Each structure stands twice: as C-alpha cells, then as structure tokens.
Amino acid sequence: MNLNDHCSISFPPAFETREIETNGVTIHTRVGGQGPAVVMLHGFGTTGDMWIPMASALVAGHTVIVPDLRGLGLSLRASGGYDKKTQSHDVAGVMDALGVSRADFVTHDIGNMVGYAFAATSSDRVSRFIPIDAPLPGVGPWEQIVQDPRMWQFGFGGPDMERLVAGRERIYLDRFWNEFSLHPERFDEARRQHYAELYAMPGAIRAGFAQFAAFGQDALDSKTYLAKGKLTMPVLAIGGEAAFGTMMATVMRIAATDVQEAIVPDSGHWIMEENPVATTKLVAAFLKS
C-alpha cells in the first residue's frame, strides 16, 4: 500500500521508493539525487513525508535519503527493537543497501534520538549532524523534561491505551499538532488527514507508543555514549522559536564539542509545517559551510 498514490503529499519525481530489508525489518525509504548524502529522520506524529519541502530543495545537489522509522509510516511494524540504538542499526542497513558510507544527518523529534545513537556509535559515518527541536534521553535536562506534565505521552502506552486510541487516532494526533505548534493552522488539513490515515494503519499506534516506552533504555544508552566522549563532527542545533528554542543547543553542547545554534523563527515544534522555508534555509547553509 502506498498512500502517496492517492494523496497530494508526495515526493517529486526525482525520488524513487525502496523497501529495504535490514536488521529484521523492512524500511520504507525514498531516495533521490546525486552528490553528498543527506539522511533525514522524522519523529512521532509525522513520517518521512514531513521532509518533502526540504528534500525537494536539496535533491539538486545531494543524494537525499528519507526513511520511515521502524514501525511508523510504511515501514514494517516490528514487534520490538524501538530503542534508538537498534533503530540506528536500521539506518546503517539502509545506508549500506544504498552503498552510502557517510552522510550528513538532518533529524527531528524522535529522529534526533536515532541520529544521536548513530552518530555516537558510527561517528566515522556522519559528516555533520543537524538535530531539530527535541531532547535526547539521559542528556542534560532530560529528567526535568520527563517530569513536565505536558509530556504525559512519554508514559502513555500499553494494550488499554491502544484500545482507547483505536479509531480515534486523529483526535490523539491533533493534540500534538495543536499544542506543540505556534501556528496550528499551518499544519493543514491535508497533512493531518494524511498522517492520521498512516497512524491508523494496523500496529502503527502501538509502534508509536513503543518509541516512547523505550526512553528508559535510550537514556541508559546515552549515558554509555557520553562516558566514551562527546561527538566531534560539526553540529547545528536548531530549535523552534516557540518550542525547544535555545535548549536544543544547550543539550547538544553536553553531547558534542562543535555546536552552532539556530532558531526557526515564527514556529513551534512542527518546523517543516510551520516555517519550512526558514528551516530549509538554515539546513542548506550549514550543509554548504
């Protein structure tokens, strides 16, 4: 099934779709262009489709690789492996299948956590790292973030919660899109319908809950990475002006030695829906630097 076949939210013709079998799962991946590789990782509430505006802009000069994370979008609903270290192995397998030894990483939300696990365990394969608007489990202010009542979804999951959300995925997701944005109206109805349909597919919400449920293990893994030293590749830490803001750089300076910071103006958490032009400009400039 390919929802892009009947949805206006689709990658341009320069991209092909690959179903890449690796690490016990099948990862739905879009690939396009030629040149230095860029891997883009999404988070909860979206899929790799969030990157369409940026991928379309970068494809002229880069090999752009956009997977759906394990269990989300059109990737396989695995029964386990939602810790971010395992998912970083998924990404490594995608790169291997495409013959890509090294890439820049552009990540958002839970994608930040997968990207950090990859950069910490395979630093020779990451040229630059651009994490956007989400914390890293076990790093810096993580414990305070976990205790924030606005982050109740971190502990929400299990069979009963799956039954509560079943058939109401749109209601559940609207909460994230509305509360974590400065301009909810910019997360338009077409995108909401598109993602709600994807997250209503069998097993998708369970996989979403599993992403959060793995945070305890992710925090332990992060502490192991930190004990071995900081990331040394150039990092651009981007926050949404009305969301994580400068805290993104604060977090990354604990985890990396070479950190620049940037803000997506006039935006909350959903940077590619609220201000894709400014976000793309920041990323493209850093990739050229």
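The first residue of the sequence shown is numbered 1, and numbering continues consecutively from there. Predicted, not measured: the structure shown is a model, and the values here were computed from it.
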Is the shortest side-chain heavy-atom distance between [X] and [Y] below 4.5 Å?
X	Y	answer
Tyr172	Glu169	no
Pro131	Val235	yes
Lys84	Phe215	yes
His42	Leu69	yes
Ile65	Thr29	yes
His269	His108	yes
Met54	Thr279	yes
Ile238	Asp133	no

field: Trp270 and His183: CA distance, side-chain angles, deciding distance, side-chain contact (heavy atoms from CB on, under 4.5 Å) verdict
entry: CA-CA 9 Å; Trp270 306 104; His183 296 284; over 6 Å; no

Is there a chain of hydrophobic side chains (I, L, V, M, F, W, Y, each step under 4.5 Å between heavy atoms) that links [X] to [Y]?
X	Y	result
Phe244	Met272	yes
Phe187	Leu198	yes
Leu182	Met247	no
Val94	Tyr82	no
Leu282	Ile263	no

For [Y], does its backbone N or O pair with a side-chain atom of [X] as donor and acceptor, under 3.5 Å?
X	Y	value
Asp68	Gly48	yes
Arg168	Leu164	yes
Thr280	Val277	no

Write down the atom of [X], the atom of [Y], and the distance for their closest heavy-atom approach.
X	Y	result
Asp109	Ala134	CA-CB, 3.3 Å
Gly45	Trp177	O-NE1, 3.1 Å
Gln34	Thr63	CA-OG1, 3.4 Å
Asn23	His89	ND2-CB, 3.5 Å
Gly115	Phe129	C-CZ, 3.8 Å
Thr121	Ser88	OG1-OG, 4.2 Å

task: I would like to know whether Met233 and Arg128 meet side-chain contact (heavy atoms from CB on, under 4.5 Å); could you show each step before the answer?
output: CA-CA 6 Å; Met233 75 286 295; Arg128 300 176 192 82; 5.7 Å; no

Rounded at 0.5 Å granularity, tell me how far [atom1] in [X] sits from [atom2] in [Y].
X	Y	atom1	atom2	result
Asp188	Arg191	CG	CZ	4.5 Å
Thr46	His194	OG1	NE2	9.5 Å
Glu273	Glu185	CD	CD	12.5 Å
Ile110	Leu136	CD1	CG	12.0 Å
Ile27	Ile20	CD1	CD1	8.5 Å
Leu72	Arg77	CG	CZ	7.0 Å

Any carboxylate oxygen within less than 4.0 angstrom of a Lys/Arg side-chain nitrogen, looking at [X] and [Y]?
X	Y	result
Asp49	Arg30	yes
Arg170	Asp174	yes
Asp90	Arg70	yes
Asp266	Arg186	yes

task: Step through it carefully: locate the ring centre of Phe212, locate the ring centre of Phe209, and say whether they are under 6.0 Å apart.
output: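 Between Phe209 and Phe212, which both carry aromatic rings, the centre distance is not below 6.0 Å.
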
message: Ring centroids only, cut at 6.0 angstrom: are Tyr199 and Phe44 within range, meaning strictly under it?
response: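 They qualify: ring centres under 6.0 Å apart.
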
query: So with a 6.0 Å cut-off around NZ of Lys281, is the heavy-atom count from everything else above 12?
result: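 Not buried by this count: 12 neighbours or fewer within 6.0 Å.
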
message: With a sphere of 6.0 Å drawn around CZ of Arg125, does it hold more than 12 non-hydrogen atoms of other residues, nucleotides or ligands?
response: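 Yes, the 6.0 Å shell around CZ holds more than 12 heavy atoms from other groups.
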
- prompt: Considering the options Leu287, Thr107, Val38, which one meets the side chain to side chain contact (heavy atoms under 4.5 Å, CB included) requirement together with Ile130?
  reply: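 The option that passes is Leu287.
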
Derivation of the side-chain contact (heavy atoms from CB on, under 4.5 Å) call for Val66 and Phe11: CA-CA 10 Å; Val66 188; Phe11 280 77; 3.9 Å; yes

- prompt: Ser127: what forms a side chain to side chain donor-acceptor pair (under 3.5 Å) with it, not counting sequence neighbours?
  reply: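 Applying side chain to side chain donor-acceptor pair (under 3.5 Å) to Ser127 gives Arg102.
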
query: Is it true that the side chains of Thr224 and Asp221 contain a donor and an acceptor less than 3.5 Å apart?
result: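 No, because no side-chain N or O of Thr224 sits under 3.5 Å from a partner of the opposite role on Asp221.
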
- prompt: Under the side-chain contact (heavy atoms from CB on, under 4.5 Å) criterion, do Val91 and Met95 qualify, and how do the steps go?
  reply: CA-CA 6 Å; Val91 176; Met95 290 172 65; 4.3 Å; yes

query: Given Gln193 and Glu197, is the side chain to side chain donor-acceptor pair (under 3.5 Å) satisfied, shown in steps?
result: CA-CA 6 Å; Gln193 288 185 14; Glu197 191 173 348; over 6 Å; no

field: Sequence neighbours excluded, every pair satisfying side chain to side chain donor-acceptor pair (under 3.5 Å) that has a member inside residues 245-263
entry: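 Passing the test, one end in residues 245-263: Arg253-Glu261.
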
